[in-house]
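As the structure lists them, so they are numbered: ligands from 1, and atoms in each ligand from 1. This one's a predicted model, so the numbers in the text were calculated from it and none came from an experiment.
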Amino acid sequence: MDKVDEGVMLPLMEEFYTIQGEGFHKGTAAYFIRVGGCDVGCHWCDVKESWNAQTHPPTAVSEIVKNAAQYSNTIVVTGGEPLTWNMFPLTKALKESKLTTHIETSGAYPLTGEWDWICLSPKKNKLPVGRIYDEADELKVIVYNKDDFRFAEEQAAKVNKNCILYLQPEWSVREKITPLIVDYVMKHPTWKVSLQTHKYLNIP
Ligand code: SF4
């Protein structure tokens with residue numbers, strides 16, 4: 001097993017300090033660690049450059065954490081699909097530095113790591129596996145077309161009762177979809193609207 005398989009190194013695509021734009025923690029300053037590698041294949045994916053892990057340099061988690069700790073107490077691990085990799089070494093090191101750990105995941109691979117906040121964003125073409133429905137703090141369904149409302153309800157039926165439910169327009173169709181989401185949330189108020197506010201703010 002090499003160090004990437006063990007999770008001691010991760011294919012690091014980029015890391016940056018910004019404002020979390022989406023979901024429950026929107027508006028909060030956070031350091032983002034974007035890990036390469038994803039085979040979920042969403043056709044509207046806005047980070048397709050993340051898919052091929054080979055194009056992102058294997059980076060020691062100790063180095064990633066050292067950088068992160070200089071910027072923020074809140075660390076968001078995203079991708080790509082971070083659960084492609086073993087997240088225990090990274091989250092252990094983040095925790096040892098007393099940092100708060102958030103993950104954004106499709107749940108397509110078994111949950112690893114120690115998380116303070118789990119944002120589950122399931123995708124139709126590779127559904128979540130294992131216990132993540134029980135562990136998710138928020139469910140964020142990206143709405144690209146009308147069938148995604150059906151999918152959202154199907155997924156909401158699987159999560160734990162404390163999980164906060166969000167519908168978020170896919171960015172490229174936001175003008176068409178956002179009014180449908182507003183209407184849906186008013187009719188089904190267990191859901192909330194999530195917007196990619198960082199994109200409106202023109203920040204990463
Ligand atoms: S799961 Fe995320 S990174 Fe992977 S293809 Fe879908 S949107 Fe892109």
Side-chain angles (χ1 to χ4, degrees), residues 4 7 10-16 18 20-26 30-59 64 75-87 90 101-113 115 117-133 135-145 147-152 154-156 158-159 163 165-174 176-178 181 193-200 203-204:
V4 173
L10 293 168
L12 180 65
M13 178 176 162
E14 56 180 350
E15 44 186 347
F16 48 93
T18 189
Q20 166 63 284
E22 306 178 5
F24 184 79
H25 292 284
K26 67 180 168 300
Y31 192 77
F32 279 68
I33 297 170
R34 190 185 300 285
V35 181
C38 183
D39 68 354
V40 176
C42 308
H43 65 92
W44 44 257
C45 177
D46 60 359
V47 278
K48 289 190 169 129
E49 353 38 290
S50 70
W51 291 6
N52 182 357
Q54 305 293 335
T55 59
H56 305 294
T59 309
I64 297 173
I75 311 300
V76 180
V77 180
T78 187
E81 173 43 69
L83 293 180
T84 306
W85 315 104
N86 177 3
M87 285 286 124
L90 175 63
T101 57
H102 295 195
I103 186 171
E104 309 255 340
T105 177
S106 69
Y109 291 95
L111 181 61
T112 52
W115 303 103
W117 191 266
I118 296 176
C119 172
L120 173 63
S121 186
K123 304 299 181 320
K124 280 178 189 160
N125 34 333
K126 209 164 169 72
L127 292 171
V129 295
R131 62 188 172 93
I132 196 155
Y133 289 115
E135 305 287 328
D137 296 289
E138 66 181 301
L139 175 73
K140 185 172 71 191
V141 178
I142 311 303
V143 183
Y144 181 82
N145 59 31
D147 185 61
D148 292 324
F149 291 105
R150 178 201 59 76
F151 178 65
E154 187 184 290
Q155 295 300 298
K158 297 185 177 188
V159 294
C163 188
L165 308 180
Y166 287 104
L167 296 170
Q168 179 173 295
E170 197 282 315
W171 182 253
S172 70
V173 292
R174 64 190 180 282
K176 188 179 83 189
I177 291 294
T178 304
I181 292 181
V193 181
S194 173
L195 299 174
Q196 291 184 294
T197 52
H198 55 296
K199 294 195 179 179
Y200 290 97
I203 56 174

Undergrad: Does a side-chain N-to-carboxylate-O contact under 4.0 Å join K158 and E154?
TA: no

Undergrad: What protein atoms of element N, O or S are positioned under 2.8 Å from atom 6 (Fe) of ligand 1?
TA: C42 SG

Undergrad: Tell me whether W85 contacts the main-chain N or O of T112 through its side chain, where contact means a donor paired with an acceptor under 3.5 Å.
TA: no

Undergrad: Is it the case that the side chain of R34 and the backbone of E15 share a donor-acceptor pair, with hydrogens and angles ignored and the cut-off at 3.5 Å?
TA: no

Undergrad: Hey, which atoms in ligand 1 end up nearer than 4.0 Å to a heavy atom of G80?
TA: 3 (S)

Undergrad: More than 12 heavy atoms of other residues, nucleotides or ligands under 6.0 Å from CZ of F149: yes or no?
TA: yes

Undergrad: Counting from 1, what ligand 1 atoms have a heavy atom of W51 closer than 4.0 Å?
TA: 5 (S), 8 (Fe)

Undergrad: Which pair of non-hydrogen atoms, one from G23 and one from S194, has the smallest distance, and what is that distance?
TA: N-OG, 3.0 Å

Undergrad: Please enumerate all residues that pass ring-ring contact (aromatic ring centres under 6.0 Å, His included) together with H25, with sequence neighbours excluded.
TA: H102, W117

Undergrad: Is there a donor-acceptor pair closer than 3.5 Å between any side-chain N or O of S106 and the backbone N or O of K123?
TA: no

